[in-house]
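Structure, as structure tokens:
All ligand and atom numbering here is 1-based and tracks the order in the structure. Values below: all heavy atoms of this structure, side chains included; hydrogens, waters and symmetry mates excluded.
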Amino acid sequence: MRETIDALRDELAEWRRDFHQHPELAFEEERTSNLVSERLESFGLDVTRGLAKTGVVATLKVGDSDRAIGLRADMDALPIHEQNTFDHCSRHSGKMHACGHDGHTTMLLGAAKALSQSRDFNGTVHFIFQPGEEMGAGGEVMVKDGLFERFPVERVFGMHNLPGMGVGDFALCSGPMMAAADIIDMEVKSPGGHAAMPHTTDDPTVAAAQILLGFQMIASRNVDPLESAVVSITTMHGGDAFNVIPDHVRMGGCVRTFEPKVQDLVEQRMREIGQNIAAAHRVDFELDYQRNYPATVNHEAETHMAAESAAKVGSSRTDFTPIMGSEDFSFMLRERPGAFIFSGNGSSAALHTPLYDFDDEALPVGVAYWVQLVQDQLPA
Ligand SMILES: [Zn+2]
Ligand SMILES: [Zn+2]
């Protein structure tokens, strides 16, 4: 199998660089989806299109076993203007594969090709290529479009590259590994008035400033010190003139947590603090609290299965320290047991930055992991 994967090395880099040159945003992955489907068909897989608009599921069945697993990659890019200058940099201004989904798509394609040639397992593999991971929760849309009813699997696995970790190194942990990401939008309202006569109105700016400071208390005073929460207010807009007390101030931001009970507590405290500070200032407070991506929670048995397969192709550890980033593979892990694993991307620039690039050396490593996982899960 090693030789099969090594023989794919140049082709994998070619595919990856081509995807990198043609980044497409959430649910617009038409070219990517077409290429993915054409290649999967050329490997002889049964290809189903149209889940979550641009999603693709390809099925490879070998032998007589009824068992099935799912492997998932994401295909979308980010609205970032690439600053790299190499030949394969983005040709679509303002769009960039800055999260390495070009590499993820390529690795899963490579695994489909290698397994369609070797056919050394017994069962069914559903290769899941989802759109819109960065925004729009493509993973959730795939699930709602009947992913697991149409393609039943015992377990589902996902993989993401991670800069700062060596190529060939894998890491994950059991339980919450990435955070739930909630989006908050708030408005503080009053009648507004003349800035020279503040006593004739109520000032939403001062109230908003105190509410923002009040929120700093949630993580430090309300959340159990052994639990984790981030409350970040990242936008604050109000007023257009130096001599007018505005009639509203708008604030927005995000909340990250691992545990639903902490998430509930943060939302409850935001409402209490916002409403009560607003009442003290005689202004109105409205909070729109949207639960966006849930926490990515790895199942214990599958965590160890993934780590064991990874250890056969590189080094792997199960003591990864959870991070506050989020990931919509979480929606699939809520439906089926499974595990999400990080694969080292060497010393590349950080994810979501304009100088990031997926490391082509990591492509055959990722393919080898997927292949090993299939062989271990569905032994011939
Ligand atoms: Zn990302
Ligand atoms: Zn990503």
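- Atom OE2 is the N/O/S atom of Glu134 found closest to the Zn ion (ligand 1).
- At a cut-off of 2.8 Å, Glu133 is not counted among the residues with an N, O or S atom near the Zn ion (ligand 1).
- In summary, the side chains of Ser315 and Asp169 do present a donor paired with an acceptor at a separation below 3.5 Å, with no hydrogens or angles considered.
- Ser90 places no side-chain N or O within donor-acceptor distance of the main-chain N or O of Met96, the cut-off being under 3.5 Å.
- Counting only distance, with no hydrogens or angles, the side chain of Arg16 and the backbone of Phe358 share a donor-acceptor pair below 3.5 Å.
- Looking only at distances, no side-chain donor or acceptor of Asn243 sits under 3.5 Å from a matching main-chain atom of His194.
- Of the candidates His104, His92, His88, His88 is the only one forming a ring pair (Phe, Tyr, Trp, His ring centres under 6.0 Å) with His20.
- Here the angle at the Zn ion (ligand 2) defined by SG in Cys99 and NE2 in His160 stands at 100°, rounded to 10 degrees.
- At least one N/O/S atom of His101, whether from backbone or side chain, sits less than 2.8 Å from the Zn ion (ligand 2).
- Within His352, NE2 is the N, O or S atom that lies nearest to the Zn ion (ligand 1).
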